[in-house]
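Start at 1 with the first residue, then count along the sequence.
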Amino acid sequence: MTTSLLYVCLDGLGDDPIPGFDGRTPLEAAETPNLDALAARGRTGTVLTVGPGIAPESDIGVFGILGYDPHEEHPGRGVLEALGVGMDFHDGDLAYRVNFATADGSEIIDEAAKLADEVNRTLALPGASFELRATIEHRGALVIRSDDGAMLSAEVTNTDPAYRRDGHLGVALETFEPRVVTSEAIADSEAARRAAALTNAFVEGSAAVLDASAVNARRRAEGNLPANLILTRDGGDRRPSLQPIRQRFGLTWGCFVEMPVERGIALALGMEPVDAPRSDPAGFGPAAGAEALDGFQALYVHIKGPDVPAHDGRFEDKRAVITTIDRAFFGELLPRIDTARVIVAVTADHATSCIRRAHTADPVPLLISGGPIDPDGSSSFGERACAEGSLGLLRGVQILPRLVELTG
């Protein structure tokens, strides 16, 4: 019997034990009767989404759990962000993910509001043009291109000190000096040196524009921190050329995604984005999810919620978000689908520690339930319970081949 696949990624789900929760993680402390029931009816394990010792950013973690090795196939986060918001990007342009931030001298002290329109109107780069697009909260995307058509290289370092380049991958740092850094060429090429120079010119020039902005003058008068710095990271200089996910795994895919980078990944892999009304901050409308499963053989759902409070150390809020996701998403969706014909898989793209306030290299929990799956005796869906499950410790790229085999 052919079955469908519901594949859910809960962003930043994994965490450290919290003293305030008597040594439990936010997931272990949350009320998750629906996720626990799925675990009890299925099998569990844990996942290193990218590899040992790597604290993944979301983009490379998602690549891994969707069956694409980020070490070999990732085009750079900046490219995915630009594609995700519909920016014009061509081979030889330079695309970055950016953060709007606040700086006092050279020390980064907080992230703040977006002033992309003013930078686009005011700043000029020598021999190049750019487009800056504000996306969600402090996030944005930047594309720089040479006026003469000369190629730019993404082989340059980040100006965001919280992330380092590991080859062509961006890796989150658990500890870092919160100080502004300049971009430097990694490769010995004119394209890389030119890219680094233009990046530094953009960061310095946009800081001057933002510092003089009337918007920031008003923010200061209101007692708010000014957004007077734009940090660049994880550049890319080529459009992705990836095997479509339908060809790789033989299923038609729809997706519900919230963030630009996730939409960029979905488009790059040939998934069809499905628009749906949001039921609440925890997830997408369950009715729309059930309907989408009738139109596709596989549905990928990415819910950002758990990651956000963890970066601020708000462990009680992270527990509350997980509880809400269990009730409002899984609790409403699961009764609408036939779990005898739908395999449900739930995991994360990375762990985000409330204590360390950063992504970590720790494994994340995984459950696979429904369809033809025999239970392995798992008691609940949590980091330590899943570590005892029959699936063992997997790499991200190993998950989808197993799921596709189970769908028949």
Side-chain angles (χ1 to χ4, degrees), residues 6-16 25-27 30 32 35 46-50 54-66 68 70 74 77 80-81 84 97 99 135-139 162-163 170-172 174 234 255-266 269 271 273 276 278-284 289 299-315 317-326 328-330 333 344-354 356-367 381-383 386 396 399:
L6 173 64
Y7 194 15
V8 182
C9 175
L10 301 180
D11 199 305
L13 180 67
D15 211 314
D16 291 320
T25 69
L27 173 59
T32 55
L35 286 166
T46 57
V47 182
L48 288 172
T49 60
V50 177
I54 296 176
E57 295 184 49
S58 288
D59 55 319
I60 62 176
V62 171
F63 255 65
I65 65 173
L66 289 178
Y68 291 76
H74 192 270
R77 179 160 186 166
L80 298 170
E81 297 270 0
R97 155 69 189 272
N99 282 356
T135 56
I136 296 175
E137 296 173 342
H138 60 275
R139 304 169 183 87
Y163 302 88
V171 178
E174 292 185 20
D234 306 337
C255 64
F256 288 150
V257 292
E258 298 178 78
M259 306 299 286
V261 68
E262 296 146 16
R263 183 176 178 85
I265 292 171
L269 301 187
M271 292 184 178
R278 298 291 299 277
S279 58
D280 54 53
F284 294 91
L299 180 67
Y300 175 69
V301 178
H302 191 114
I303 299 177
K304 182 70 175 173
D307 181 64
V308 176
H311 279 288
D312 296 328
R314 295 183 283 117
F315 55 89
D317 289 344
K318 183 172 181 178
R319 176 179 64 176
V321 166
I322 295 169
T323 296
T324 302
I325 290 170
D326 184 85
F329 181 74
F330 290 102
L333 175 62
V344 180
V346 184
T347 190
D349 48 355
H350 54 77
T352 307
S353 168
C354 290
R356 291 175 271 182
R357 301 191 179 194
H359 297 187
T360 70
D362 299 314
V364 295
L366 167 70
L367 73 79
F381 185 60
E383 290 89 342
C386 288
I399 301 174

Legend entry - Interatomic spacing from CZ in F256 to CD in E262 - rounded to 0.5 Å: 14.0 Å
Legend entry - Contact summary for V50 and P70, nearest pair of heavy atoms: CG1-CG, 4.0 Å
Legend entry - Inter-residue atom distance Y163.OH - D234.CG, 0.5 Å rounding: 8.5 Å
Legend entry - Contact check, side chains of P260 and I136, non-hydrogen atoms, under 4.5 Å: yes
Inset, instruction - Identify the heavy atoms of T25 and E383 that sit nearest to each other, and give their distance. - result: OG1-OE1, 2.6 Å
Inset, instruction - Could you tell me how the ring of H350 sits relative to the ring of H359: parallel (under 30°), tilted (30 to 60°) or perpendicular (over 60°)? - result: parallel
Legend entry - L366 side, atom CG; L13 side, atom CG - distance, nearest 0.5 Å: 11.0 Å
Legend entry - Heavy-atom check, side chain of D11 versus side chain of E258, under 4.5 Å: no
Legend entry - Value rounded to 0.5 Å, distance of NE2 in H311 from NZ in K318: 8.5 Å
Legend entry - Minimum heavy-atom distance C9-Y300, with the two atoms named: CB-OH, 3.4 Å
Inset, instruction - Enter the distance from I60:CD1 to L80:CG here, rounded to the nearest 0.5 Å. - result: 11.5 Å
Legend entry - Residues I322, D326; criterion side-chain contact (heavy atoms from CB on, under 4.5 Å); working and verdict: CA-CA 6 Å; I322 295 169; D326 184 85; 5.7 Å; no
Inset, instruction - May I ask you to test the D349-P56 pair for a side-chain heavy-atom distance under 4.5 Å? - result: no
Legend entry - Closest non-hydrogen atom pair, R356 against D16: NH2-OD1, 2.7 Å
Inset, instruction - Would you give the length of the straight line joining atom CZ of R319 to atom CZ of R314, rounded to the nearest 0.5 angstrom? - result: 14.0 Å
Inset, instruction - Step by step, work out the side-chain contact (heavy atoms from CB on, under 4.5 Å) result for L6 and L333. - result: CA-CA 11 Å; L6 173 64; L333 175 62; 3.5 Å; yes
Inset, instruction - Taking the side chain as every heavy atom from C-beta outward, state whether F329 and L10 have any pair of such atoms under 4.5 Å apart. - result: no
Inset, instruction - Please confirm whether the backbone N or O of I65 pairs with a side-chain atom of Y7, one donor and one acceptor, at under 3.5 Å? - result: yes
Legend entry - Flag side-chain contact, heavy atom, 4.5 Å: D15 against L27: no
Legend entry - Pairwise side-chain contact, C255 with I265, heavy-atom cut-off 4.5 Å (strictly under): no
Inset, instruction - Take F330 and T32, measure what side-chain contact (heavy atoms from CB on, under 4.5 Å) needs, and give me the verdict at the end. - result: CA-CA 9 Å; F330 290 102; T32 55; over 6 Å; no
Legend entry - M259 vs S58 side-chain heavy atoms within contact, under 4.5 Å: no
Inset, instruction - Provide the closest heavy-atom pair for A30 versus T323 in the form atom of the first, atom of the second, distance. - result: CB-OG1, 3.5 Å
Inset, instruction - For T46, check side-chain hydrogen bond (donor to acceptor under 3.5 Å, both in side chains) against everything at least two apart and list the hits. - result: none
Inset, instruction - Indicate yes or no: at least one non-hydrogen side-chain atom of P306 is less than 4.5 angstrom from one of P26. - result: no
Inset, instruction - Can you sort out the partners of R77 under salt bridge (Lys or Arg N to Asp or Glu O under 4.0 Å), two or more places apart, ordered by chain and number? - result: E57, D59, E81
